[in-house]
Amino acid sequence: MAEKSKNRFYITTPIYYVNDIPHIGHAYTTIIADAISRYKKLSGNEVFFLTGTDEHGQKIEKRAEAKGIKPIELADQVVGRFKDLWKALNISYDYFIRTTQSSHEKGVQKIFHKLKTKGDIYKGIYEGYYCVSCENFISDDIPLEKEGNKICPDCGEQAGKVSEECYFFKLSAYQKPLLDLYKKNPHFIRPKSRMNEIKSFVEQGLKDLSITRTTVKWGIPVPDDPDHSIYVWFDALHNYLTGIGYDWNPELYNNFWPPDVHLIGKDILRFHAVFWPAFLMAGGFPLPRTVFGHGWWLKDKTKMSKSKGNVLDPHVILNTFGTDPLRYFLLREIPIGLDGNFSHEGFIHRVNSDLANDLGNLVQRTLTMIHKYFSGKIIEMDEKNETDNKLKAEFVTCKDKVFACYEEFAINKALEETWVYINLVNKYLADNEPWKLAKAESKKKRLARILFQAAAAIRTIAYFIYPVMPESADKIWALLGEDKSISDQSFAELEFEDFKPGQNIQRTKPLFPRIELKDFLKEEEKKMDYLTFDEFKKMDLRVGEIIKAEKVEGTKKLIKMEVDIGGETCRMISGIADTYEANDLVGKKPIVIVNLKPAVIRGIESQAMLLAAEMKDGSAIVPFFGDDVPTGSKVK
RNA sequence: GGCGGUGUAGCUCAGUCGGUUAGAGCAUACGGCUCAUAUCCGUAGUGUCGGGGGUUCAACUCCCUCCACCGCCA
């Protein structure tokens with residue numbers, strides 16, 4: 001195969017699982033990819049930027065069933081939400097691949113067949129742990145219990161060992177080739193710190209990989225053996241091939257394969273840095289150049305998770321700030337590869353200080369002065385003096401640095417360097433004090449020169465920020481009377497002098513208005529599922545005293561109790577027999593919620609519920625008050 | 001338990017091959033300006049460089065050891 005042309009650049013995001021609606025994590029990955037791909041276009045590359053969705057699997061099947069719709073209908077809905085978000089975030093992807101489209105399914109089947117014929121895929125017996133109630137195999141990552149069983153992470157039931165026929169990929173045969181790859185290409189895994197992890201994982205030996213299931217119906221059927229369907233990773237990873245036209249658009253495919261960067265979250269690094277290149281080696285494909293694993297955004301220093309309810313919805317920020325401040329914050333705050341902390345305070349502070357104060361205000365003050373003193377048009381001015389030349393020289397330095405940073409995907413540093421220049425321009429104005437010159441008619445040409453230089457500098461600043469904030473950057477160019485879009489200007493040819501006298505300079509409202517923290521919080525409140533204090537007050541929580549307790553016959557965990565809640569008694573059933581003997585509970589004083597809607601458990605009506613901490617193994621620990629607290633006391 | 005990483009100013013971090021007084025941004029304090037979104041510019045700090053030991057003329061940097069935290073694996 002002919003070598004791919006050097007100025008063609010192929011970048012991917014992972015395909016997102018349609019089980020989940022888009023959140024800040026998806027947005028982060030995709031925004032990075034967008035910034036890189038915009039930069040690559042500016043620097044003269046033909047770019048192909050692929051994103052999409054992963055739509056197969058049991059979870060989708062079940063969730064669709066629960067909603068009473070077909071899996072594909074569920075996928076369609078979620079795909080719509082992803083596409084809407086990408087539009088709102090100004091994502092310039094070139095193609096959106098869906099694993100349910102026939103070009104993908106056919107491509108995967110073709111490769112599967114090829115590897116099977118070659119002997120890299122063979123039929124065998126998969127032994128694994130299976131949760132009967134969830135009808136699901138438990139991941140190999142879940143540790144074994146003492147009794148030799150595993151606990152299902154979804155439902156907490158014990159899962160026993162079963163075996164089923166399935167197809168394996170001969171991953172074990174690729175240990176050496178993979179290690180050679182890492183050795184030969186030290187940039188294959190980025191950031192570098194992740195290379196060791198992957199290398200030592202591979203050095204420990206690789207087991208063959210089970211890549212089909214008979215239990216999953218919503219998947220790509222194995223060619224000539226339709227009882228089996230192709231399991232998640234073998235299906236999903238090949239999107240990078242089918243998304244660039246493998247087996248359906250040979251021209252596109254030949255132009256862009258192999259990928260230059262697979263941008264991914266660090267959680268799926270192993271799949272991309274081990275399994276994926278092994279699949280490709282088996283299929284005889286040229287390998288990707290780089291797999292880049294980025295870090296997580298934490299919320300107030302803890303990991304975001306659905307169960308904690310602290311998952312950040314990008315729409316909240318978009319509604320309050322617009323697209324560019326969000327893009328800016330995510331890319332400026334941390335280097336790609338490290339974790340970052342997302343807090344309201346941090347976000348407000350960064351955006352107000354960098355965007356509103358430094359950049360926004362610089363644009364505003366310059367444009368205002370050009371209008372005030374020259375009615376928006378600078379035609380005649382003095383020759384440049386030393387400080388003016390210095391401002392231009394600093395642009396040249398800044399341009400080189402920004403360019404080098406973007407080349408290294410150090411977007412945060414590219415922005416940092418740009419801001420050094422923004423500060424210099426602000427200082428240039430402070431030093432030259434144009435507002436003082438404006439008072440003397442004789443200084444008019446000098447004044448013109450200063451404002452002209454400042455405007456020319458701002459024009460280059462807009463250019464530097466374009467990959468990150470395309471909308472604002474183009475807006476600045478338009479305000480400066482530039483008639484072309486930044487995307488039409490190559491990075492290498494960007495010159496300070498391209499800004500010409502006589503441009504019609506527009507006036508504008510502030511580009512990035514300052515935002516108060518309380519406005520942000522107000523917006524978020526609308527989105528969050530907060531409990532109001534009134535709602536909380538509705539809960540009747542009291543100190544109960546257990547009068548009688550006995551185990552419910554025929555159950556492992558349930559205890560039936562009579563509880564005194566202050567002059568009256570009620571009955572409740574609790575699943576705490578793992579940790580407590582019924583007899584020991586009598587006389588104890590737990591917190592009881594009294595006005596919970598009664599439920600029938602094992603044929604017995606439970607009229608209340610006690611509060612307990614849930615342990616990882618599913619057992620419960622109940623906090624008890626001492627005797628000094630009167631039975632029936634209100635808890636709030 | 002194994003492998004790897006991190007620990008530097010109140011916070012987030014940079015610090016090359018060992019070399020003079022250990023840096024940046026933010027936050028803080030004070031001063032200047034008034035074109036601008038209460039914005040901008042300037043000045044000023046503060047550090048047992050995680051602890052202990054060693055090598056060296058010289059250690060944030062190299063070696064040993066201990067502590068704390070993080071990641072991957074089992």
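Here is the naming used below: chain letters follow the sequence lines, and residue numbers restart at 1 for every chain. Hydrogens, waters and symmetry mates play no part in the numbers below; they use all other heavy atoms, side chains included.
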How is [X] classified with respect to the nucleic acid when contacts are heavy atoms under 4.0 Å: base, sugar-phosphate, or nothing?
| X | value |
| --- | --- |
| A/Leu367 | nothing |
| A/Ser200 | nothing |
| A/Asn357 | sugar-phosphate |
| A/Asp358 | sugar-phosphate |
| A/Arg350 | nothing |
| A/Lys436 | sugar-phosphate |
| A/Asn341 | nothing |
| A/Phe512 | base |
| A/Lys266 | nothing |

Strictly below 4.0 Å, N to O, side chains only: are [X] and [Y] in salt-bridge contact?
| X | Y | value |
| --- | --- | --- |
| A/Asp34 | A/Arg38 | yes |
| A/Glu380 | A/Lys444 | no |
| A/Glu197 | A/Arg194 | yes |
| A/Lys184 | A/Asp180 | no |
| A/Asp382 | A/Lys443 | no |
| A/Glu408 | A/Arg190 | yes |

Is any side-chain nitrogen or oxygen of [X] closer than 4.0 Å to OP1 or OP2 of [N]?
| X | N | result |
| --- | --- | --- |
| A/Arg270 | B/rC72 | no |
| A/His349 | B/rC26 | no |
| A/Lys372 | B/rA36 | yes |

task = Walk me through it: do A/Asp324 and A/Ser472 pass the test side chain to side chain donor-acceptor pair (under 3.5 Å)?
result = CA-CA 7 Å; A/Asp324 282 353; A/Ser472 306; 2.5 Å; yes
Without decimals, in angstroms, what is the distance between [X] [atom1] and [N] [atom2]?
| X | N | atom1 | atom2 | value |
| --- | --- | --- | --- | --- |
| A/Lys192 | B/rU6 | NZ | P | 11 Å |
| A/Asn361 | B/rU39 | CG | P | 9 Å |
| A/Asn426 | B/rC33 | CG | C1' | 13 Å |
| A/Asn352 | B/rG25 | CG | C1' | 17 Å |
| A/Glu416 | B/rC13 | CD | C1' | 9 Å |
| A/Glu197 | B/rG4 | CD | C1' | 7 Å |
| A/Asn432 | B/rC35 | CG | C1' | 13 Å |
| A/Ile450 | B/rA36 | CD1 | C1' | 16 Å |

inquiry  = By nearest atom, which of the nucleotides B/rG4, B/rU37, B/rC40 is closest to the A/Leu511 side chain?
reply    =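 So the side chain of A/Leu511 is nearest to B/rU37.
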query = Considering only B/rU37, B/rC41, B/rC33, which nucleotide approaches the side chain of A/Trp435 most closely?
reply =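 Side chain of A/Trp435 sits closest to B/rC33.
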Same-atom distance ([atom1]) from [N] to [M], integer angstrom:
| N | M | atom1 | value |
| --- | --- | --- | --- |
| B/rU8 | B/rG4 | P | 22 Å |
| B/rC13 | B/rA22 | C1' | 14 Å |
| B/rC33 | B/rC41 | P | 16 Å |
| B/rG50 | B/rU61 | P | 8 Å |
| B/rU16 | B/rG7 | P | 11 Å |

Base-pairing assignment for [N] (Watson-Crick or G-U wobble, both under 3.5 Å):
| N | result |
| --- | --- |
| B/rU61 | none |
| B/rC11 | B/rG25 |
| B/rU20 | none |
| B/rA38 | none |
| B/rC72 | B/rG2 |

Check: A/His23 main-chain N/O paired with A/Tyr28 side-chain donor or acceptor under 3.5 Å =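 Between the backbone of A/His23 and the side chain of A/Tyr28 there is no qualifying donor-acceptor contact (under 3.5 Å).
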query = Between A/Leu338 and A/Leu424, which has a closest nucleotide on RNA chain B that is more 5'?
reply =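 Its nucleotide being nearer the 5' end, the pick is A/Leu338.
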message = Using heavy-atom distances to pick each residue's nearest nucleotide on RNA chain B, tell me which of A/Asp354 and A/Phe201 is more 5'.
response =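 Per heavy-atom nearest nucleotide, the more 5' residue is A/Asp354.
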